[in-house]
Protein chains: 2
Amino acid sequence: MPGLRSWGAPSTIFSFYGNPVLPMPLSKTSRSPRKTRASVPRQNNTRQILDAAEKVFAAHGLSGTRVSDIAEASNLPKANIHYYFRTKEDLYRATLQQLLEDWLGDASKWLSADRSPREGLEGFIRSKMAFSRQRPEGSRLFAHEILSGGRYVHGFLVDTLRRHVEHRREVFEKWHAAGLIGTVDPTHFLFCLWAMTQAYADMGVQMAAVLDKPRLTAVDFEAGCRTIIQLATSILPDPVAPPPVQDTIKTRPGRRRTTVRSARSRRAAT
Amino acid sequence: MPGLRSWGAPSTIFSFYGNPVLPMPLSKTSRSPRKTRASVPRQNNTRQILDAAEKVFAAHGLSGTRVSDIAEASNLPKANIHYYFRTKEDLYRATLQQLLEDWLGDASKWLSADRSPREGLEGFIRSKMAFSRQRPEGSRLFAHEILSGGRYVHGFLVDTLRRHVEHRREVFEKWHAAGLIGTVDPTHFLFCLWAMTQAYADMGVQMAAVLDKPRLTAVDFEAGCRTIIQLATSILPDPVAPPPVQDTIKTRPGRRRTTVRSARSRRAAT
DNA sequence: AAAAAACCTGATCATATGGTCAGAAAAAAC
DNA sequence: GTTTTTTCTGACCATATGATCAGGTTTTTT
């Protein structure tokens, strides 16, 4: 009896229905637990829909997005979208989830205690900036969500992200204890890094308009990258001055300052 | 004949109809040019509506906002909203316009060549952070708009804002020429300042969640303020070391570095 | 005080949009 | 090759929501 078929994803790891989602890592929210791998069409279409959804949601947010837009963007009839994702909200959740897995990226790889702060900070910033450049939709989707109150990612924020921040904080503290960086509030320092790197995706339109160009180019990202790195690495001690004289008043431990470095960065004045 | 009355604002400086708007300073977009000052009820209701609209638009964006929400938030019947603002879009434009007048705030007051960089940067940052704290709705509304492509503020961006950035750039260049700050890309430096200060409004939810509190407090803002100031003022030369000994190698003019300053800021490590 | 202008609002309309459904087509299982 | 499951989709429905309007009330003008 076709009229009573189990609408929607019957049983695969790619189904996302109205559920908590986010907190769990690679969650699936369908009924009937595991079974065979997702069928080929399901896998393809799901991928296609999620990719299209990320773009559209990123540009208009949840409420600003029409399912028909996603349908168009993914080249599938609207009813087919609803076949794989029962509601728009479900699709939104799934899109967010897919994103969040990437969002943290390799922060832990770079901001790790067994790296030098200089290397770590530079790597982290470059990595974040690359994300902003290559997947601006992702950044913007996340920004939209946070701006709107972040209720769909609340689980992620208080769970995964909080832990993540804890770890980064520990790394900064270790660096500081080892005299490798000066005194900063580690958490707010991290917030600042996020803010600056994300801005190049989220506020790209604004920057581009100010710079009188249709969009930010690789050159702009590089300039931004350098500036952010310059600011961020200001917390590490001067690698040039410390060894030699170093005035005798001995102000206080951990008070050395870094030089401008990256003196090669394009001239500020003129 | 009441049925044929001129619906909506007939002729005052407070009418905003579907028009370009933004570029012009205090534009009014009604028909019949000037005339008497806005009547009392008009002035009150308009104010009330715009204030409510800012809050609601900030939380949900243009498309996520329902006129009925604004009606509710402003304690007026929906039809009355449409009496003063023909369409939702018109109201949105008016709300943005009201905001943009404040947004630039006293940047020019602080980032001015006749101030010291330290004073200027600190003042600017504190001023921006105060805005983020006291009018987070404004910041978020603007962020929403930019994220969504910024077509309603395009005029403002390429006109007013671009000129504004030009001026700030000149100030930085003067400071640099006078040896008061090191080498930085002035434009991207400004972008970074915007990014960090705005983040405390736009990403407040995220930060609060990470910090395990319902919302950011004054203390958090102060900590953020200090951190941003610390990073920003890293571009100015060290005010403590220069007078005394100062190692003899004379690395290069303008390369001195600032100390951690604000050493009283809460300990980073531990 | 009459007339005109401005203000106000409940009721109503038109449309956009999320979501459903029946039934066909395709694929997989048997 | 038959059955069962899964996929697909045009047509349809229900509702939300932006906008209008008719006619009343208040304010201002004359």
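In what follows, every chain begins at residue 1, and chains take the letters A, B, ... in the order their sequences are listed. Treat the numbers as computed from the prediction; the structure is a model and nothing was measured.
The side chain of B:Y84 lies closest to C:dC7, out of C:dC7, D:dC21, D:dC8. With C:dT20, C:dC7, C:dT9 as the candidates, the nucleotide lying closest to the side chain of B:R42 is C:dC7. Nearest nucleotide to the B:P41 side chain, out of C:dC7, C:dT9, D:dC8: C:dC7. Among D:dC8, C:dC7, D:dG10, the nucleotide with an atom closest to any side-chain atom of A:A79 is D:dG10. The side chain of A:K78 lies closest to C:dG19 when the candidates are D:dT9, C:dT20, C:dG19.
Within the structure, a side-chain polar atom (N or O) of A:Y83 is placed less than 4.0 Å from OP1 or OP2 of D:dT7. Contact annotation: B:N80 side-chain N/O to C:dG10 OP1/OP2 distance is not under 4.0 Å. OP1 and OP2 of C:dA16 both lie 4.0 Å or more from every side-chain N or O belonging to A:R66.
Test A:F142, A:Y200, A:W103 against A:W194 for ring pair (Phe, Tyr, Trp, His ring centres under 6.0 Å) and you get one pass: A:W103.
The residue A:T65 sits close only to the backbone: its heavy atoms come under 4.0 Å of sugar-phosphate atoms, none of a base.
For B:K109, the side chain to side chain donor-acceptor pair (under 3.5 Å) criterion is met by no residue, not counting sequence neighbours.
D:dG18 atom C1' lies 17 Å from atom OH of B:Y92, rounded to whole Å. B:E89 has its CD atom 15 Å from the C1' atom of C:dA16, to the nearest Å. Remark: C1' of C:dA16 and CG of A:D69 are 12 Å apart, rounded to the nearest angstrom. Rounded to a whole Å, the NE2 atom of A:H82 is 17 Å from the C1' atom of C:dA22. Going from atom CG of B:D90 over to atom P of D:dG18 covers 14 Å, rounded to whole Å. Taking atom CG of residue B:N44 and atom C1' of nucleotide D:dT26, one finds them 15 Å apart after rounding to whole Å. One interatomic measurement links the two molecules: CG of A:L76 to P of D:dG10, which rounds to 11 Å at whole-angstrom precision. The distance from atom CD1 of B:I81 to atom C1' of C:dC7 is 14 Å, rounded to the nearest whole Å.
Looking at B:K88, its side chain has no donor and acceptor atom pair within 3.5 Å of the base of D:dA19.
With a 3.5 Å ceiling on both atom-pair distances, the Watson-Crick or G-U wobble partner of C:dA28 is D:dT3.
Salt bridge annotation for B:K213-B:D220: present, with a cationic side-chain nitrogen under 4.0 angstrom from a carboxylate oxygen. Electrostatic pairing of B:R126 and B:E222 counts as a salt bridge here, judged by a charged N lying under 4.0 Å from a carboxylate O.
For the pair A:R133 and A:F221, the cation-pi criterion (under 6.0 Å, within 45° of the ring axis) is fulfilled.
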